Amino acid sequence: MIKTLFPIETFKHCETPFYYYDLELLKATLHEMNACIKDLPYKVHYAVKANANPRILHEIKEAGLSIDCVSGGEIVAALAAGFKGDTIAFAGVGKTDKEISLGINHDIFCFNVESLAELEVINEIAAAKGKIANIALRINPNIDAHTHEYITTGLSENKFGINLEQIDMAVDKAMSMPDVNLIGLHFHIGSQLLDFTPYKMLCDRINDLQDHFEARGISFKIINVGGGLGINYENPNENPIPDFKNYFDTFRNNLKLRKGQELHFELGRAIVGQCGSLITRVIYVKNGTTKNFVIVDAGMTDLIRPALYQAHHVAENITSSATETARYDIVGPICESSDKFASDETLPLTHRGDLLALRSAGAYGEVMAMQYNCRNLPSTQFSR
Ligand SMILES: *Cc1c(COP(=O)(O)O)cnc(C)c1O
C-alpha cells in the first residue's frame, strides 16, 4: 500500500501554503493504469486542465500518455512539456480562430468538435493553410452522470457537444467537407464518477450509434469516451489509486469495438487527484459560542473546490500528536463566507502553528488558484 508520508521536519521551516506532490504515488498510479490497458487497443489522453504543473506533466509524458487540451494555452503547456502534437486531442465549446490555427499548425491528433458552426470554421482555417484537420464529433449522449450539477456535462440541457438529433446532419456535413477528416466520435459525460452505471449506459448508446452508422456504411477509426473516473476523497490513505481495473473493464465488457478501432480516454482527476495535498498553517484557533474555528493561511484562492462545488477534502493535522480530539470549522482568511474548507471536522486538539494537509488536492487545485485579495499564488514542493 502506498501512503503519502509528509516530510514534516522540512515542512516546519517552509512558508505556507504550498502544494505538496507525492511523485511516487503519481508514478505508481500511472504504472497501475498502464498495466490495465497494456494488451488493449486503448489510449489515454491526460486532461491537462486537472493539473498543468510542468513537473507533473513531465512524469505523465514519461509514462507515455497522450494529452487532452481545452485551450490554446494548454496546447502550449503540453508542447512545452514535450508532448508531441500528434498526441493532442483538443476539446472545448468555444475554440477561437487563433486556437484552431495553433492546433492545425501543430498537426494535432484530433479536434473534438462541439458544434456545426465550429466544424465550418475548422474546415475554413484548414483550407487556408492547405492542411487537413482530423476531427471527432463530440456527441451529447443525454446521460445523467448523477454527479454534482456543476460537473455533469452529458445532458442535452448542458452546453457541451452536439445533440443526438443533429448527429446525422453533423456526420454528413463533416464527410462532405474537403479539409476535415472525420476520424471518430467523442463523448464526456461528467466528472468524479464512482458508480459506473452511467458508463454502461454510455456504452449502450455508443453501440446503437455504431450500428446506426454501420447500416449507412459509415465507420470510425476511434471512439473517445472522455474522462470522469472519480477518486476516493474520504479515504485517501486507504484508496490512493483509483479503481482503474473496474473502470476499463466496464468498457471492455460493454462497448463493442469494431475491428481495428481504438478506444480513447481522457482522464484527469483519476491520474493526479490523490498525489497532491495543500499544506497550510493554522494562524488562529478561535473558540466561538457555537463553533470552534481553525483559521488557516490557505483559502479558496489556493483551493476553490469546497467553495465552488461544495467538495470536501480530508484535513489532517500532520504536526499534532494530541490524542484528544475536537470538532472545528476549518476556514481561510479570504473575505467571503464560502471561504471554508470543512464544517465540524474532527481533528486532534489543534493549536496556532500546527500544519494541516488538505488531502486529495492534486486535481483542480493548484491549477485553479487565483490572486483575489492580492494574495500570492501557492508555491509547490515535490517528494523526491
Ligand atoms: C474535464 C474533461 C476531462 C477530464 O475530466 P476528469 O473528470 O478530470 O477525468 C476529459 N475530457 C473533457 C472533454 C473534459 O472537459
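By convention here, the first residue in the shown sequence is residue 1. Every number for a ligand or one of its atoms is a count from 1 in the order of the listing. This structure is a prediction, so every number in the text was calculated from the model and none was measured.
Of the N or O atoms in K49, one or more lie within a sub-3.5 Å distance of an N or O in ligand 1. Here's the thing with G228: one of its N/O atoms is less than 3.5 angstrom from an N/O atom of ligand 1. By the 3.5 Å distance cut-off applied to N or O atoms, E266 is counted among the residues near ligand 1. Considering both main-chain and side-chain atoms, V70 never comes within under 3.5 Å of ligand 1 through any nitrogen or oxygen pair.
Between E15 and R281, no side-chain nitrogen of the basic residue sits less than 4.0 Å from a carboxylate oxygen of the acidic one, so the salt-bridge criterion is not met. The residues D179 and K129 are annotated as not salt-bridged, no charged nitrogen and carboxylate oxygen being separated by less than 4.0 angstrom. With respect to the salt-bridge test (charged N to carboxylate O, under 4.0 angstrom), the residues R252 and D249 qualify.
Between H264 and F109, a ring centre-to-centre spacing shorter than 6.0 Å is recorded. Aromatic rings of F251 and Y42 (six-membered ring for Trp) have centroids beyond the 6.0 Å cut-off, not under it.
Close approach of ligand 1 to S191 is summarised as follows: ligand atoms under 4.0 Å from at least one heavy atom of the residue are 6 (P), 7 (O). For ligand 1, the atoms closer than 4.0 angstrom to any heavy atom of Y364 are 1 (C), 4 (C), 5 (O), 6 (P), 8 (O). Near R138, meaning under 4.0 Å from any of its heavy atoms, are these atoms of ligand 1: 13 (C). Which parts of ligand 1 touch G268 is read off a 4.0 Å heavy-atom cut-off, strictly below it: atoms 6 (P), 8 (O), 9 (O). Proximity to A47 (heavy-atom distance under 4.0 Å) selects the following atoms of ligand 1: 3 (C), 4 (C). Close approach of ligand 1 to D68 is summarised as follows: ligand atoms under 4.0 Å from at least one heavy atom of the residue are 10 (C), 11 (N), 12 (C). Near R269, meaning under 4.0 Å from any of its heavy atoms, are these atoms of ligand 1: 6 (P), 8 (O), 9 (O).
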Pair E336-Y372, side chain to side chain donor-acceptor pair (under 3.5 Å): steps then yes or no: CA-CA 11 Å; E336 299 285 341; Y372 181 45; 2.7 Å; yes
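In this structure, I75 CD1 and L102 CG are separated by 5.0 Å, a value rounded to the nearest 0.5 Å.
Of all the heavy atoms of N112, none lies under 4.0 Å from any atom of ligand 1, so neither backbone nor side chain is involved.
The salt bridge (charged side-chain N to carboxylate O under 4.0 Å, His left out) pairs that include a residue from residues 60-84 number zero, where partners must be two or more places apart or lie in different chains.
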